[in-house]
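Below you'll find the structure, written out as structure tokens, and then a few comments.
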Protein chains: 2
Amino acid sequence: MAVSTGRPERRQEPLSRERIVTAACELLDTVGAGGLTFRALAERLATGPGAIYWHVTGKAELLTAAAEAVLAEAVAAEDGGATPQEAVRALALGVFDAIDAHPWLGAQLAGSPGESPMLRLFERIGRQVRALAVPEPAQFTAASALLNYILGVAGQNAANARTAAASATGRGEFLDAAATAWSRLDPQEYPFTRTMAGRLRTHDDREEFLAGIDLILAGITAGR
Amino acid sequence: MAVSTGRPERRQEPLSRERIVTAACELLDTVGAGGLTFRALAERLATGPGAIYWHVTGKAELLTAAAEAVLAEAVAAEDGGATPQEAVRALALGVFDAIDAHPWLGAQLAGSPGESPMLRLFERIGRQVRALAVPEPAQFTAASALLNYILGVAGQNAANARTAAASATGRGEFLDAAATAWSRLDPQEYPFTRTMAGRLRTHDDREEFLAGIDLILAGITAGR
DNA sequence: CAAGGCATGGAACGGCGTTCCAGGCTGGAG
DNA sequence: CTCCAGCCTGGAACGCCGTTCCATGCCTTG
């Protein structure tokens, strides 16, 4: 450290759980999911690892708290006077965009128990399902299906982002390489996948995600 | 537990990629996802970590290979003369049961890129989507939606299994505790989730999963 | 002003994935 | 037969991780 010539620097703002979680989010956004380290976090906060443990029980809680902070923001928007379908789409898009902006969130949500961060999401989805006049016994199924679909896309997006980042190429080149691989598959063994190569290359993740939501919504309201 | 550390059986049999992957699967099934260690694997194979690296590039490849081995078996069954709907249900159930038998598989699939193990699954699903007479532009969307839903459930199941195992309680007690927590939520903030507590306690994971598949299938065929 | 506890941060521990390298083993050439 | 060059082995070592421990400050309270 710097030689202390004179009065010690003005003490920084004291450590707090909130400051730690904020720094963790910044680190996650900057360096990626694997870059969140107690040592790196301590350095960024100009402290040691031990001090962090005074405010946070461990890495799992840190990740959960970071996910909750980001997800809460994404789900905060009120569902105006729109139709339930539109409200679900808006909700899902909010989550999608949050994951797009913070790729680590996808992996965190896909692999976290149904505890803290996702309860709110489930609740918000469930209210719209109820507003769709789904009979009571099917509400749980419908809300769960929507949530599970969203989490599945979350995990895949996170995995893709990780792969693209690891190969140091942009998303475009990564998709292009995958599509080329698909188009060269054995026509006998992969007749369907092969013909989807073009669509894989040109598709829009966001639109495909929304189309899937619409598919499930259509299934929910189909029987009536 | 029984002390089963490295029996010095036929030492003649040479190390091979297949033997390593098999041992990795056994270790994953026995000790869980976090228990797969190059040191533990080396001990089980009566060798050192360095020898393993001669046949396998790293842990990621090991996990992918293990997942592929288990998933290939689950997806191997031929789809007989059933309807496309029934074929998709059978396919999905095969994956579900494989994850149920090998909980580590859920986390692995949910977080792996669309590469090796899941291409076959996508292909099989896609063929049935095509058999449903879905117009070409929508086939990619429909197959992706089904796959993403399956992967979402996979991730959640894996996370739940991990939580239940960590708390050293059975699935029943774990569910019961969660349901009780749901029933005690603030009625103002969680009106929907609260009323679903009973269903959470009594529901059948397998049936809920299938019901979600049926929802998506209904959405796929709804417009006609 | 003295005292005590909240908060701090550096050092250390055990374990991980991975790398390195000194050796056995084997099969073909001389 | 000998010899040697490669494949394969496996133990030791490296660097990093999450986590724990603890001596030490600071700041409030009496």
Once ring pair (Phe, Tyr, Trp, His ring centres under 6.0 Å) is applied, what residue pairs with a partner in residues 41-65 of chain A remain, sequence neighbours excluded? A/F38-A/Y53

Side chain of A/H55: nearest nucleotide among C/dT8, D/dC17, C/dG17? C/dT8

Within this structure, what is the CZ-to-P distance between A/F38 and D/dT19, rounded to whole angstrom? 5 Å

Under the 3.5 Å rule, do the base of C/dG15 and the side chain of B/R39 count as making a donor-acceptor pair? no

It should be established whether A/T47 places a side-chain nitrogen or oxygen under 4.0 Å from OP1 or OP2 of nucleotide C/dG9. yes

Rounded off to whole Å, could you give me the CG-to-C1' distance for the B/L15 and D/dG10 pair? 10 Å

What integer distance in Å separates A/I20:CD1 from D/dT19:P? 13 Å

Gap between atoms CZ and C1', on B/R17 and D/dC8 respectively (whole Å): 17 Å

Can you give me every donor-acceptor pair (side chain of residues 194-201 of chain B, partner residue at least two apart or in another chain, under 3.5 Å) with its distance?
from: B/R194; atom 1: NH1; to: B/S183; atom 2: O; distance (Å): 2.9
from: B/T195; atom 1: OG1; to: A/R130; atom 2: NH2; distance (Å): 2.8
from: B/T195; atom 1: OG1; to: B/F192; atom 2: O; distance (Å): 2.8
from: B/R199; atom 1: NE; to: A/E136; atom 2: OE1; distance (Å): 3.4
from: B/R199; atom 1: NH2; to: A/E136; atom 2: OE1; distance (Å): 3.3
from: B/R201; atom 1: NE; to: B/D176; atom 2: OD1; distance (Å): 2.7
from: B/R201; atom 1: NH2; to: B/T180; atom 2: OG1; distance (Å): 2.9

Qualifying side-chain hydrogen bond (donor to acceptor under 3.5 Å, both in side chains) pairs, either residue in residues 32-46 of chain A, two or more places apart: A/E26-A/R44

So the side-chain hydrogen bond (donor to acceptor under 3.5 Å, both in side chains) pairs with at least one residue in residues 59-71 of chain B (sequence neighbours excluded) are B/R17-B/E61, B/T57-B/E61

Please write out each protein N/O paired with an N/O of nucleotides 19-23 of chain C under 3.5 Å, distance rounded to 0.1 Å.
none

Can you list every ring pair (Phe, Tyr, Trp, His ring centres under 6.0 Å) pair that touches residues 155-177 of chain B, not counting sequence neighbours? none

Rounded to whole Å, the CD-P distance (A/E61 to D/dT19) equals 11 Å

Side chain of A/W54, heavy atoms from C-beta onward: which of C/dA12, D/dA13, C/dC6 has the nearest atom to it? C/dC6

Parallel, tilted or perpendicular: which fits the ring planes of A/H203 and B/F140, with parallel below 30° and perpendicular above 60°? tilted

Going by number, which of residues 22-37 of chain B have a non-hydrogen atom under 4.0 Å from DNA chain D? none

Measure across A/L41 and A/A24 and return the closest heavy-atom pair with its distance rounded to 0.1 Å. CD1-N, 3.7 Å

Output side-chain donor-acceptor pairs under 3.5 Å for residues 98-114 of chain B, partner residues at least two apart or in another chain, one line each.
from: B/H102; atom 1: ND1; to: B/D29; atom 2: OD1; distance (Å): 2.7
from: B/H102; atom 1: ND1; to: B/D29; atom 2: OD2; distance (Å): 3.0
from: B/W104; atom 1: NE1; to: B/D29; atom 2: OD1; distance (Å): 2.7

Between B/E43 (CD) and C/dG17 (P), how many Å, whole number? 14 Å

For B/L41 and D/dG10, what is the distance between atoms CG and C1' respectively, to the nearest whole Å? 14 Å

Selection residues 145-161 of chain A - residue pairs positive for side-chain hydrogen bond (donor to acceptor under 3.5 Å, both in side chains), sequence neighbours left out: none

